[in-house]
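What follows is a set of notes on a single structure, which appears directly below.
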Amino acid sequence: MLQLYKSPCMRMLASIEDAYEICRQITAQYAKTFYLGTLLMPEAKRRAIWAIYAWCRRTDELVDGAEATSTTPETLDRWEEQLEALFAGQAFEDSDVALVDTLTRFQLDIQPFRDMIAGQRMDLYRNRYETFEQLNLYCYRVAGTVGLMSTTIMGVDTSPYTAAWNKSQEIYLPTSEAIALGIANQLTNILRDVGEDARRGRIYLPLEELALFNYTEEDLLKGVVDERWCELMGFQIQRARKYYAEAEKGIKYLSPDARWPVWAALMLYRGILDAIERNQYDVFSQRAYVPTPKKLLCLPLAALKGQVL
Ligand SMILES: CC(C)=CCC/C(C)=C/CC/C(C)=C/CC/C(C)=C/[C@@H]1[C@@H](COP(=O)(O)OP(=O)(O)O)[C@]1(C)CC/C=C(\C)CC/C=C(\C)CCC=C(C)C
Ligand SMILES: [Mn+2]
């Protein structure tokens, strides 16, 4: 059945089907790794994740995209008002139609969406982080929140026969593990994109950690790769891996049909850290990525982990 929504300016919006297709295309275009993960999910969950992805991407584009120079704190205030309206059932753009539909099917909490906007706000007013505590807050807001949203969609295991929690008879919500995976992904993003960010005048690595390795902001902006840099990067990579290890512990609590996709997304994204090491920490002149054969190899391994761990 064709369902059309009217936007507030009375423009006809896409049908629900078309809206999900738009969100699918956005996810496939911008996030090859996550998209692959979503293809392993059942249809209803996969479509909901695409709808969330499209909203997150648009939120990020406000401060990062082609029009970002015209984004002000007021732009983000309006975006937050639109978010409240979305949760009240009103769509503004074609892709919103899918998110509004998703909100009727899953009990999503609005707070992680608000927190994500707060994270993008940080990108508006700061381009340096003094401590890891400050960076961690940023990572929670722009990525840990995605872990929370995704967990609501994927659901937890409630079966008394398979549930990892069945000995205690209590449902365990792997909230901190889901946040940990978001933070691990974001730390990985930051390490991969150090050079690209530096060219835009941004340094996400905590300045007090640079100092610890005797490496300066100027070195980073010049792209100096030496022993100090390699040790600093080694330290950052170890920390990101700890977040992945924390996240791994939560996967068994998820609904069985979500474990394979999450293992796959985790292993593929963590593989970027291995690629950085293979490139001898040169993130200035090379982009670290996981080669396709390795990606394909990850899939059966992830399926196995989803069954036995
Ligand atoms: C218990 C347990 C382990 C549960 C699993 C929970 C789970 C699936 C966690 C994963 C969370 C996740 C996918 C985080 C993504 C973080 C991310 C990439 C954030 C990006 C931020 C800004 O980065 P930056 O601007 O530096 O990067 P770009 O160069 O612009 O890319 C974001 C861009 C913020 C917006 C986030 C997104 C667009 C990603 C949203 C992703 C999904 C909805 C896909 C979730 C995927 C699966 C397989 C469930
Ligand atoms: Mn971005």
Side-chain angles (χ1 to χ4, degrees), residues 23-24 26-41 45-66 68 71 99 102 108 112-113 115-120 122-123 127 135 138-157 164 172-197 200 202 204 243-255 257-270 272 287 302 305-306 309:
C23 296
R24 185 194 68 75
I26 294 174
T27 314
Q29 182 188 344
Y30 287 96
K32 307 229 164 9
T33 303
F34 298 135
Y35 181 66
L36 188 59
T38 63
L39 292 182
L40 308 174
M41 289 178 184
K45 295 184 182 183
R46 162 196 319 170
R47 282 162 46 115
I49 296 280
W50 294 337
I52 291 173
Y53 183 87
W55 182 86
C56 291
R57 176 51 57 199
R58 285 168 64 207
T59 307
D60 183 64
E61 290 286 307
L62 287 175
V63 297
D64 243 9
T71 297
L99 184 57
T102 288
L108 282 154
F113 291 80
D115 290 346
M116 155 87 62
I117 296 174
Q120 305 300 349
M122 289 171 85
D123 267 338
N127 53 25
L135 180 66
Y138 170 75
C139 291
Y140 160 71
R141 287 179 170 164
V142 300
T145 50
V146 181
L148 295 177
M149 299 168 195
S150 309
T151 301
T152 304
I153 302 301
M154 294 181 301
V156 291
D157 190 357
Y172 178 73
L173 275 178
T175 306
S176 61
E177 294 87 346
I179 292 174
L181 185 51
I183 293 177
N185 287 341
Q186 187 59 15
L187 290 174
T188 304
N189 236 359
I190 286 172
L191 296 177
R192 184 195 57 196
D193 297 342
V194 167
E196 192 185 310
D197 288 332
R200 294 186 306 163
R202 294 188 167 280
Y204 287 99
Y243 279 91
Y244 282 113
E246 174 64 20
E248 283 188 356
K249 293 185 216 151
I251 302 178
K252 61 178 177 289
Y253 297 103
L254 294 173
S255 160
D257 60 18
R259 293 179 199 157
W260 182 21
V262 172
W263 269 113
L266 183 152
M267 291 166 72
L268 291 171
Y269 228 73
R270 184 170 52 193
I272 296 173
R287 185 175 166 92
K305 284 184 188 253
L309 292 182

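Order of appearance sets the numbers: ligands from 1, and atoms from 1 within every ligand. The first residue of the sequence shown is numbered 1, and numbering continues consecutively from there.
The closest approach between P261 and ligand 1 stays at or above 4.0 Å for every heavy atom of the residue. At least one heavy atom of M41 sits under 4.0 Å from some atom of ligand 1.
Listed by number with element, the atoms of ligand 1 under 4.0 angstrom from any heavy atom of P174 are 1 (C). The D60 neighbourhood of ligand 1 comprises atoms 22 (C), 25 (O), 30 (O), 33 (C), with distances under 4.0 Å to a heavy atom of that residue. Distances below 4.0 Å separate heavy atoms of G250 from the following atoms of ligand 1: 1 (C).
In this structure, D64 pairs ionically with R200, as a charged nitrogen and a carboxylate oxygen lie closer than 4.0 Å.
For E177 and Y172, the side-chain atoms include at least one donor-acceptor pair closer than 3.5 Å.
At under 3.5 Å, not a single nitrogen or oxygen of Q120, backbone or side chain, sits near a nitrogen or oxygen of ligand 1. Residue contacts with ligand 1: R57 is placed with a nitrogen or oxygen under 3.5 Å of a nitrogen or oxygen of the ligand (distance criterion only).
Distances from the Mn ion (ligand 2) show that E61 has no N/O/S atom below 2.8 Å.
Nearest to the Mn ion (ligand 2), among the N, O or S atoms that D64 has, is OD2.
Among the candidates Y243, Y244, F34, the single residue satisfying the ring-ring contact (aromatic ring centres under 6.0 Å, His included) test with Y269 is F34.
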